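Single-structure report; data block below.
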Amino acid sequence: MQTFDGIISDRGSKYAVSGGPCASGEAAKAFLKTLCKTKKFAKATHNTWGLLAGDTPIKNDDGESGAGMVILRMLEREGLHDHIIVVTRWYGGKHLGGDRFRHVQDAVRYYLDNRTA
């Protein structure tokens, strides 16, 4: 598991991105459980994720409507299968509107550009 914390901050909201090998919905649940063992991530407002398990897309918006699909589209474009990406947001008190999708994209791009294979 790799985590990049504090990569985006906007109007009080803060973002992190995590990821690692993952091959199924059950493995995704285990990945999130491990991530949330860190109190900071357990208290996050949203842990949105996407995974291409083989050719099967699996996602969870965790209340950040539409964000899981953004992650899935980026995984598909990269051709990255059996790898989960989780974008974590701590809500800062102000609505971000459409900017939240840009932040999700930027977080995923940061992960893809900086992860070790």
Side-chain angles (χ1 to χ4, degrees):
M1 176 184 302
Q2 278 189 290
T3 299
F4 302 97
D5 194 4
I7 57 169
I8 299 168
S9 183
D10 182 7
R11 289 168 264 178
S13 285
K14 296 188 181 344
Y15 287 81
V17 64
S18 307
C22 184
S24 69
E26 286 303 311
K29 287 179 189 170
F31 185 96
L32 284 160
K33 189 173 183 179
T34 300
L35 181 67
C36 289
K37 282 183 180 175
T38 303
K39 192 174 183 181
K40 178 178 182 177
F41 286 88
K43 289 185 161 209
T45 313
H46 308 286
N47 282 300
T48 303
W49 59 271
L51 159 70
L52 294 174
D55 288 328
T56 305
I58 307 171
K59 66 177 175 65
N60 187 320
D61 291 336
D62 192 28
E64 190 79 286
S65 187
M69 187 54 75
V70 171
I71 298 168
L72 281 178
R73 278 197 301 264
M74 292 184 76
L75 286 168
E76 287 169 349
R77 265 186 253 131
E78 286 290 315
L80 187 58
H81 295 260
D82 298 325
H83 199 98
I84 189 171
I85 296 181
V86 181
V87 176
T88 301
R89 177 183 177 195
W90 292 270
Y91 181 63
K94 292 204 164 88
H95 291 286
L96 302 180
D99 287 343
R100 64 193 173 94
F101 294 112
R102 184 172 45 84
H103 295 327
V104 169
Q105 283 181 325
D106 290 347
V108 173
R109 175 55 43 212
Y110 187 94
Y111 178 83
L112 293 169
D113 291 346
N114 292 283
R115 75 185 177 99
T116 53

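What you see below is based on every heavy atom in this structure, not just the backbone, and it leaves out hydrogens, waters and symmetry mates. The structure presented is a predicted model; accordingly, all values stated were derived computationally and were not measured.
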Backbone of G54 reached by a side-chain donor or acceptor of H81 within 3.5 Å:
yes
Step through the shown structure and confirm whether more than 12 heavy atoms of other residues, nucleotides or ligands are within 6.0 Å of CG on D55.
no
K29/E26 ion pair, N-O < 4.0 Å:
yes
What verdict does the side-chain contact (heavy atoms from CB on, under 4.5 Å) test give for V87 and V108, after you've listed the backbone C-alpha separation in whole Å, the side-chain angles of each residue and the deciding distance to 0.1 Å?
CA-CA 7 Å; V87 176; V108 173; 3.8 Å; yes
So, E78 and R109, do they make that salt bridge, N to O below 4.0 Å?
yes
When rounded to the nearest 0.5 angstrom, what distance separates OG in S24 from CG in D82?
9.0 Å
Quick one: pull up CZ in F4 and CG in D113 and give me the separation to the nearest 0.5 Å.
9.5 Å
Measure the spacing between CD1 of I71 and CG of D61 and express it to the nearest 0.5 Å.
8.0 Å
Given V17 and V86, is the side-chain contact (heavy atoms from CB on, under 4.5 Å) satisfied, shown in steps?
CA-CA 6 Å; V17 64; V86 181; over 6 Å; no
Working note: L112 + I85, criterion side-chain contact (heavy atoms from CB on, under 4.5 Å); need CA distance, chi angles, decisive distance, verdict.
CA-CA 9 Å; L112 293 169; I85 296 181; 3.9 Å; yes
Grab the two heavy atoms, one from T88 and one from A44, that are nearest each other, plus how far apart they are.
CG2-CB, 3.3 Å
For C36 and A42 the tightest heavy-atom approach is O-CB, 3.2 Å
I'd like to know if the side chain of Q2 pairs up with that of T116 as donor and acceptor (distance under 3.5 Å, no hydrogens or angles considered).
yes
hydrophobic_cluster_shared for M1 and L32, side chain cutoff 4.5 Å:
yes
Between the side chain of T38 and the main-chain N/O of F41, is any donor-acceptor distance below 3.5 Å?
no
In Å and rounded to the nearest 0.5 Å, what is the CG to CZ distance from D10 to R100?
12.5 Å
Applying side-chain contact (heavy atoms from CB on, under 4.5 Å) to T3 and L35, what does each step give before you reach the verdict?
CA-CA 9 Å; T3 299; L35 181 67; 4.2 Å; yes
Looking at R11 and D99, is any side-chain nitrogen of the basic one under 4.0 Å from a carboxylate oxygen of the acidic one?
yes
Charged N to carboxylate O under 4.0 angstrom, D5 versus K14?
no
Answer with yes or no whether the hydrophobic clustering places I84 together with L72; edges join I, L, V, M, F, W, Y residues whose side-chain heavy atoms lie under 4.5 Å apart.
no
Going by atom types only, do Y111 and H83 share a side-chain donor-acceptor pair under 3.5 Å?
yes
Nearest 0.5 Å, please: how far is CG in L80 from CG in L75?
5.5 Å
When every non-hydrogen atom of L51 is compared with those of A28, the smallest separation belongs to CD2-CB, 4.1 Å
Can the ring centres of H103 and Y110 be said to be less than 6.0 Å apart?
no
Ignoring hydrogens and angles, tell me if any N or O in the side chain of N60 forms a donor-acceptor pair with the backbone of W49 under 3.5 Å.
no
If we ignore angles and hydrogens, is there a donor and acceptor under 3.5 Å between the side chains of R89 and S13?
yes
Rounded at 0.5 Å granularity, tell me how far NZ in K59 sits from CZ in R73.
10.0 Å
Non-hydrogen side-chain atoms of K40 and W90 separated by less than 4.5 Å:
yes
T48 side chain to D62 side chain, donor-acceptor N/O pair below 3.5 angstrom:
no
Shared hydrophobic cluster for I58 and M69 (ILVMFWY, side-chain gaps under 4.5 Å):
no
